[in-house]
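The next block holds one structure in the form of structure tokens; read it before the comments.
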Amino acid sequence: MFKKVLGYMGDSLTNYINPNLNNTENKNNNNIKNNSPPQHNSTTPQQQQQQQQRNNNSNDDSEDEDEYGLKNEIELFKNTLKVNNTSSSLDILIIRINDKVNKNEFEEGLKLLKQFVYIVMEAISKPTVPLPTNDNNNITYNTMYEKYHIPPLNKIEELYQITRSKTEETMRTNNEQSVIQLSLILSIVQQIKYKLVSRNIINQQQQQQQQQQQQQNIVTFENSGEEDEGLAIYIQFQRKVILQDSGPIIKDMLRVNQQLLDSYPTNSGNNANDIKYKVKSIDNCLMALKKVLSSVVQKVSDTIHVGNDQWRWNDMILYEKYKTKLVEWNSNNLTLPLHNQSAKYLDQIYSIILEKLKDSQLLKRLTDANISIEDLINNFKYSQSEIELIQPLLGIDELLNQISSISEISERYISYIQAHCNTGTNKKVPELNDMKSKIQEIMTNYSSFETQYFQLSFSFSIYNDDLRKFIVIQMNHHRHNTNNNNNKNVHNLSQQQQQQLQQQQLQQQQQQLIFEQENNTSSMVDNIFFVFRKVAGRAISSSNSPTTCAVINLTLANFDMIYMPYFENLLEYNYSDDFDKKRDIFLIILNNLTLTKEYISKVKDQLKETTFLKFKDENDRKAITMCIEGSGDGFSTVIKSIDNIIKENIKKIVEVNSPLLTRLMWPFRNTNYEISDEEFANYEINDPFVMDFLSELMELLQPYKRKFIAENFDQLIHLISTFIAKTLEEFIMQKRFNQLGGIQLSKDIRKIIDFLCNITTEQNIRHKFTRLSQVVHLLAFDKVNDILEYWNQPDYKWNLNVLEIKLVLGRRSDFNVHNLNIK
């Protein structure tokens, strides 16, 4: 489309520059038209359809021209071509522009001024005029004026002064469209004036050199550091509008805050009222901040749009045709003055917000509340009166949402201003430093409150956990029984008191049965990670990377300081005595830890994904990712600590069951493995060991399989497999075998391995029996020297050394290992 427009412009300019050629061509065309015979329509229907499609495309181009505002500019340029090629025409055109400006008809005046620029631009864009030669040494300014269409300087100066005189009057009208048009007129006239004043006559050789350079470099008008007065007028108008818009917003904000202060007196000692006041007050500031920032962004956007829209003709016509153009309104010059106008209002809002957040009393209440509830948790107590005092402090959650929103919209505003100052988001704009400093100070206070809020919510989730409630009831009942047993008058309890005690015991047993049947995990894990996701997500939403890192690090610290010590205490209590009675509770606690580890991994991935979506700056992304992946107090460290607790306590389960496991394997010691063919066949029907062992082992594992989640059960089977393999190897080294006995042992061990593999979910435990399998393999050899075939195989890795191999082969009653030489 642009090529089509420029092609038309090129034809029009050719006609304008060579009017005689145009007339000659028109005459020739008329002669051809008059003398040519009538033309018959010889096109085919297909050709007509193609022509119609081309016409439709032409109409589409016309619509595009309207969309880009080019059609009017092209028409204006066409009208320019009708101006007579005389100096008086320029004078008349300037007079008409003056008249339109005087009558406040700025739109018509701007159109005429553009026509004027189209006419004179080619001449004044040439930097020099040839010096007089011997043939023509009478060149004067008037002759140059006539030949090159250079406008008279005094007329331009007059137009410049008239335009300047109209600015103050137009500003008072508050008519934005008139201000835009007058500002453009003043900007254009100022540049034309400067160009005329700065022209110099140089010699012909210099002109030729400059013309050669001009072919290589784009020639543009420069204002030589002078202030663009038209742009300054328009910016002044927009600053005035911002002042008119923002002033009432601030007054209304202060009025509402005073009303809130009267309604919710500070320092009342009422947690609920104090927090409600802060929430409503900061919400009021947030609304005011949104309005002021939106107003500035809208004005900047409108101003840049006006600059781009009103100067489009500069690119589309002047630049494309003459490779030169006037100096346009730069977005950097448009953006910062408007921001600076709003800076004092923004500073006032941020100062009020900061004043509300700098509340040491509220922070102390949160700290004291955390200490109180942690004391209740650690001592396995409940206190409704304390909880009623503490719970209103959780209302700070809404306040933190507001602060995060304040940071988010402020950071977006800063990015917007930086982007429209042509500095990019990574370069500093000094005018934004004060605003950034205020925001960072606000977010430092936010981090303190966010950390206290998370710790309080964290502790509340533990305090209200259904498993904890059950354990506390259990502990209280145990204390009551202990006190009764120590009481000398326990036998003197009335029958009614004994019945009440029995009823309490029955109720506790029923509660335990219901809880253990319905739950494999408790409620607090889901509750804690709901809060964790919310807090970490809120920090990321603030778009402030230092705050995000601080919040993530401080919230993760709660797992080390509160969460894991609490679980370790529970595990210790439920392992101490009567493990069989407390077994299911012990398993639920371990399930909670495993679920915690799973949730942490998921949250870690979610936060990394959210960070990459929210933050565009690579340095911010790296900083937050380092907090998440950090080797210090990051997610990986928490997961590793939880893993260690789980492994340690599953080992305890194996330890407490090891006597029973050993007893289940004891019949192996009494099984004869020096057997005949008849006995070997009988073992197929009447298994002396393995089937009973596997049946009893399944009975032992059934409660764990029912209550443990899969990952924990698999880990238990791994440890039990290690114990079984080690114990059976010890028993084997105390027995004697023949070859049939070795073959029978191989079948028994294979059944045990298959059984254990089948009851696990994903993990293969065969590697736990590698050493035992090699022992069994040796005991099934045909002859003792068979070991030499396997010993030197490079792809077979032995877990037994030479001495151990000889000791195993020595358990065969029919082998002589004294002369065996293994190298």
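What you see below is based on every heavy atom in this structure, not just the backbone, and it leaves out hydrogens, waters and symmetry mates.
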Quiz prompt | Evaluation steps, salt bridge (Lys or Arg N to Asp or Glu O under 4.0 Å), between Asp309 and Arg312 | solution = CA-CA 5 Å; Asp309 185 62; Arg312 187 178 289 118; 2.9 Å; yes
Quiz item: For Met564 and Ser641, what are the C-alpha separation, side-chain angles and deciding distance, and is it a side-chain contact (heavy atoms from CB on, under 4.5 Å)?
Solution: CA-CA 8 Å; Met564 286 182 281; Ser641 299; 3.6 Å; yes
Quiz prompt | Glu176/Phe237 under side-chain contact (heavy atoms from CB on, under 4.5 Å): CA gap, chis, key distance, verdict | solution = CA-CA 8 Å; Glu176 184 174 2; Phe237 173 79; 3.6 Å; yes
Practice problem: Under the side-chain hydrogen bond (donor to acceptor under 3.5 Å, both in side chains) rule, what do Glu441 and Asn445 come out as? Steps first, then yes or no, please. | Solution: CA-CA 7 Å; Glu441 192 174 358; Asn445 286 272; 5.4 Å; no
Practice problem: Carefully, step by step, assess Lys344 and Asp434 under the rule salt bridge (Lys or Arg N to Asp or Glu O under 4.0 Å). | Solution: CA-CA 10 Å; Lys344 66 175 183 178; Asp434 289 342; over 6 Å; no
Practice problem: Determine, stepwise, if the pair Leu334 / Val300 fulfils side-chain contact (heavy atoms from CB on, under 4.5 Å). | Solution: CA-CA 7 Å; Leu334 295 167; Val300 171; over 6 Å; no
Quiz item: Going through the checks in order, is the side-chain contact (heavy atoms from CB on, under 4.5 Å) test met by Ile409 and Leu293?
Solution: CA-CA 8 Å; Ile409 63 174; Leu293 293 180; 4.1 Å; yes
Exercise. List the steps, then state whether salt bridge (Lys or Arg N to Asp or Glu O under 4.0 Å) holds for Asp375 with Lys381.
Key: CA-CA 8 Å; Asp375 183 65; Lys381 294 179 180 178; 5.5 Å; no
Quiz item: Step by step, would you call Tyr453 with Tyr446 a ring pair (Phe, Tyr, Trp, His ring centres under 6.0 Å)?
Solution: CA-CA 10 Å; Tyr453 165 77; Tyr446 160 85; over 10 Å; no
Self-check item: Asp228 vs Ser187, side-chain hydrogen bond (donor to acceptor under 3.5 Å, both in side chains): CA-CA, chis, key distance, verdict
Solution: CA-CA 6 Å; Asp228 187 329; Ser187 183; 2.8 Å; yes
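Between Glu408 and Lys614, at least one side-chain N (NZ, or NE/NH1/NH2) sits under 4.0 Å from a carboxylate O, which counts as a salt bridge. A salt bridge is absent between Asp643 and Lys640: the closest approach of a Lys/Arg side-chain nitrogen to an acidic carboxylate oxygen does not fall below 4.0 angstrom.
Atom CD1 of residue Ile390 and atom OG of residue Ser459 lie 9.0 Å apart, to the nearest 0.5 angstrom. Here the CG atom belonging to Leu400 is positioned 11.0 Å from the OG atom belonging to Ser405, to the nearest 0.5 angstrom. For the atom pair Met253 CE and Leu286 CG, the distance stands at 11.5 Å (nearest 0.5 Å). For the atom pair NZ (Lys647) and CG (Leu593), the distance works out to 13.5 Å, reported to the nearest 0.5 Å. Taken from CE in Met561 to CG in Leu556, the straight-line distance is 10.5 Å, to the nearest 0.5 Å. Atom CD of Glu355 is separated from atom CD1 of Ile282 by 10.5 Å, given to the nearest 0.5 angstrom.
Residues Thr170 and Phe106 meet the side-chain proximity criterion, which asks for heavy atoms closer than 4.5 Å. Under the 4.5 Å side-chain criterion, counting only non-hydrogen atoms from C-beta, Ile406 is not in contact with Ile439. Looking only at side-chain heavy atoms (C-beta outward), Tyr563 and Val638 stay at 4.5 Å or farther from each other. Considering only heavy atoms from C-beta on, Glu450 stays 4.5 Å or farther from Ile403 through its side chain. At least one side-chain heavy atom of Leu590 sits under 4.5 Å from a side-chain heavy atom of Leu571. Residues Leu554 and Phe454 are not in side-chain contact: their nearest non-hydrogen atoms beyond the backbone lie 4.5 Å or more apart. Using a 4.5 Å heavy-atom cutoff, the side chains of Phe529 and Leu595 are not in contact. Contact annotation: the side chain of Leu393 approaches that of Leu362 to within less than 4.5 Å [non-hydrogen atoms, C-beta and beyond].
Scanning for side chain to side chain contact (heavy atoms under 4.5 Å, CB included) contacts around Ser183 gives Val179, Ile233, Tyr234, Trp329, with sequence neighbours left out. In this structure, Lys276 has no salt bridge (Lys or Arg N to Asp or Glu O under 4.0 Å) partners at least two apart in sequence or on a different chain. The side chain to side chain contact (heavy atoms under 4.5 Å, CB included) test applied to Ser294 returns no partner, not counting sequence neighbours. Residues forming a side chain to side chain contact (heavy atoms under 4.5 Å, CB included) with Arg621 (at least two apart in sequence, or on another chain): Phe612, Phe615, Lys616, Glu618. By the side chain to side chain contact (heavy atoms under 4.5 Å, CB included) test, Asp465 is found to be paired with Leu467, Arg468, Ser522, Ser523, Met524, residues two or more places apart in sequence or in another chain being considered. Judged as a salt bridge (Lys or Arg N to Asp or Glu O under 4.0 Å), and not counting sequence neighbours, Asp302 has no contacts.
Counted by atom type alone, Lys240 and Asn174 present one or more donor-acceptor pairs between their side chains at under 3.5 Å. Under the 3.5 Å distance criterion, with hydrogens and angles disregarded, no donor-acceptor pair is assigned to the side chains of Asn527 and Ser461. Thr625 and Lys608 are not linked by any side-chain donor-acceptor pair at a separation below 3.5 angstrom, with hydrogens and angles left out of the test. Using modelled atom types, one finds no donor on one side chain facing an acceptor on the other under 3.5 Å when comparing Gln310 with Glu328. Looking only at atom types and distance, the side chain of Asn378 has no donor-acceptor partner in the side chain of Glu374 under 3.5 Å away. Between the side chains of Lys469 and Tyr382, no donor-acceptor pair is found at a separation under 3.5 Å. Checking Asn520 against Asn591 by side-chain atom types alone, no donor-acceptor pair falls below 3.5 Å. Side-chain contact annotation: Asn544 with Gln440, donor-acceptor N/O pair under 3.5 Å present.
Within a 6.0 Å sphere centred on NZ of Lys280, heavy atoms belonging to other residues, nucleotides or ligands number 12 at most. The local environment of NZ in Lys291 is sparse, with at most 12 non-hydrogen atoms from other residues, nucleotides or ligands closer than 6.0 Å.
Nearest approach of Gly395 to Val279, heavy atoms of both residues: O-CG2, 4.2 Å. Shortest non-hydrogen contact noted between Gln190 and Gly230 is OE1-N, 4.4 Å. Nearest heavy-atom pair, Val551 versus Ser447, reported as atom, atom and distance to 0.1 Å: CG2-OG, 4.3 Å. Taking each heavy atom of Phe460 and Ile373 in turn, the nearest pair found is CD1-CD1, 3.7 Å.
Relative orientation of the Phe559 and Phe458 rings is perpendicular, given thresholds of 30° and 60° on the angle between their planes. Note on ring orientation: taking the six-membered ring where Trp is involved, the planes of Trp313 and Trp311 are parallel (angle under 30°, cut-offs 30° and 60°).
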